[in-house]
J.: 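I am attaching a structure below and will ask some questions about it afterwards.
Letters go in sequence order (proteins before strands), and every chain restarts at 1. These numbers come from a predicted model, not from an experiment.
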Protein chains: 2
Amino acid sequence: MTSSGHAMRAVITTLRVLETVAELQPVGVSAIARATGIPKSSVHRCLVTLREADWLTSSSTDRTQWVLTGRALSVGIHASVEGGLREAALPTMHRLRDATHETIHLLSYSGDQGLVVVDRLDSDEPVRTWVHLGARVPMHASCSGRAVLAHLPDDEVDRLLSGELERFSENTPADKQSVVEDLVRVRESGYATNDRAWRPGVGAVGAPLLDKDGRPLGALAVSVPIQRYDEARAVELGALAVDAARRIGANLRSA
Amino acid sequence: MTSSGHAMRAVITTLRVLETVAELQPVGVSAIARATGIPKSSVHRCLVTLREADWLTSSSTDRTQWVLTGRALSVGIHASVEGGLREAALPTMHRLRDATHETIHLLSYSGDQGLVVVDRLDSDEPVRTWVHLGARVPMHASCSGRAVLAHLPDDEVDRLLSGELERFSENTPADKQSVVEDLVRVRESGYATNDRAWRPGVGAVGAPLLDKDGRPLGALAVSVPIQRYDEARAVELGALAVDAARRIGANLRSA
DNA sequence: GGTACATGTTCCATCTTACGGAACGGGAGC
DNA sequence: GCTCCCGTTCCGTAAGATGGAACATGTACC
């Protein structure tokens, strides 16, 4: 719990403020202070500093409101290049999209941050489904989440599934037990499925992206509006996704 | 030049370090110190701090290399929601993609940061072109850049075009003069064109996204491999892009 | 083997500067 | 009028950021 100790307190708190602005923007000083527990005057100093660094701008009406600038984006976007994941994945993702005509999501798993949507190629069908770039997806309710879980050590699975599992629909797995049972099936078939367990009207299949040691770096998912989704389609898409994920894994290994 | 004065020095330098990591990752301490001019030990402290805040991880091989985590992404992504640009634009972008079958880019203009690619819908053609999400595109060499320039006040145009204009190809406008002349044509037609002036083998047309006061918030661009690009196609795509951009502008106004 | 120059990391004395409670100015609403 | 909440400013104290120098380790050249 001591963490590494000698880190710069000012920076840590300022980053907390920045993250809070990202969540709540547009937002004022007091709201941030309330959300973080940091004294108002300190929050104010952080905000001014972040404005000077051009990460925030204060939309100056009567009540000063704070929002992110483009800098946050142009820095953040580079995160997805982590390990060349996107470069390694894009060509294969394109082929997968063209083969399925459905929306393909690339997700990066980064331990503490959970699963984040890093890139998306979307369907050319008139009815499509998508998730925001940068969205964090639930480990227990999404197929990508369970695809990753299936290849994590038991203690990490325990940690990720500890606490309340949010219920998004009646198809959301209700407890840790049922998720863990599903993981066996995922390991057997190579992919996980999701029938409206997270977002209403959306089915999906997900395959894990594994590094050379078998650790999951992320996942590849094919999302489908429910009217184009049934068990047969899931099997078909699953096979394609697994194959694509394997190719991407091979790309990563050779890099 | 005094800047606003009482900002926290530690935070400013740490953010500089963070931005440098984003540019150069994966990168080591010394390289950052060289790039920024900050003493090595200070850089090191910043890095440790950023790791504790979970913005960076040190890919611990023999030579310690630093990379961004998913947190940078999940914060940065919120920036593009600024004004709901993406939400307002996506449906129309989809229609534009389906009408053109080419890659569509959405760019956000944020003053100091220049033009940043915020989202992309890609072509379903086998030969496609695209720019990385988060990439900063040059104002003088890209069609999006000139589309935005055409609707900025003169002094801001001056500022953006001051200094050396980087030459990417023989089609890149060589000097400020020729760029400014082009802007007249852009204002007349409503869109800017780009015939291999920036990236080799890529043609494009771009239309500005204007808020209710006529200030450019960004641009919409259609990128085409040069074999599918000629003057007639540019006119056709230009009309579509202008129409789409107008619709998006209307969406923004009503929000 | 040896020299030279990379790299990342640790230490510590100096003195800059972040901290946060308290007070201020102003708008909104019973 | 009063009260409540807002954003902002002030300031003495004490916490902690700073960066040069030294260390450990690896690589390149001969």
J.: Can you identify which nucleotide, out of D:dT18, D:dG26, C:dG20, has its nearest atom closest to the B:Arg63 side chain?
T.: D:dG26
J.: What is the minimum heavy-atom distance between A:Ile38 and A:Ser42, and which atoms define it?
T.: CG2-CB, 3.7 Å
J.: What nucleic acid atoms does B:Ser30 come within less than 4.0 Å of, heavy atoms only: base, sugar-phosphate, or nothing?
T.: sugar-phosphate
J.: For B:Leu47 and D:dT18, give me the distance from atom CG to atom P, rounded to whole Å.
T.: 13 Å
J.: Among the candidates D:dG19, D:dG7, C:dG20, find the nucleotide nearest to the side-chain atoms of B:Arg45.
T.: D:dG19
J.: Measuring from the side chain of B:Arg9 (C-beta onward, heavy atoms only), which nucleotide among C:dT17, C:dT10, D:dC6 has the closest atom?
T.: C:dT17
J.: In terms of side-chain heavy atoms of B:Ser41, which of D:dT18, D:dG19, C:dA18 is nearest?
T.: D:dG19
J.: Assess, by modelled atom type and distance only, whether the side chains of A:Thr57 and A:Arg51 contain a donor and an acceptor separated by less than 3.5 Å.
T.: no
J.: Between B:Lys40 (NZ) and C:dG8 (P), how many Å, whole number?
T.: 7 Å
J.: Would you say the side chains of A:Glu19 and B:Trp55 form a donor-acceptor pair under 3.5 Å?
T.: yes
J.: So that I can tick it off, tell me whether A:Asp119 and B:Arg120 are bridged by a salt bridge, with the cut-off set at under 4.0 angstrom between side-chain N and carboxylate O.
T.: yes
J.: Between B:Ala31 and A:Ile38, just flag the one whose closest nucleotide in DNA chain C comes earlier from the 5' side.
T.: B:Ala31
J.: Between C:dG8, C:dG20, D:dG7, which one does the side chain of B:Val29 approach most closely?
T.: C:dG8
J.: Please state how far atom CE in B:Met8 lies from atom P in D:dT18, giving the value in whole angstrom units.
T.: 12 Å
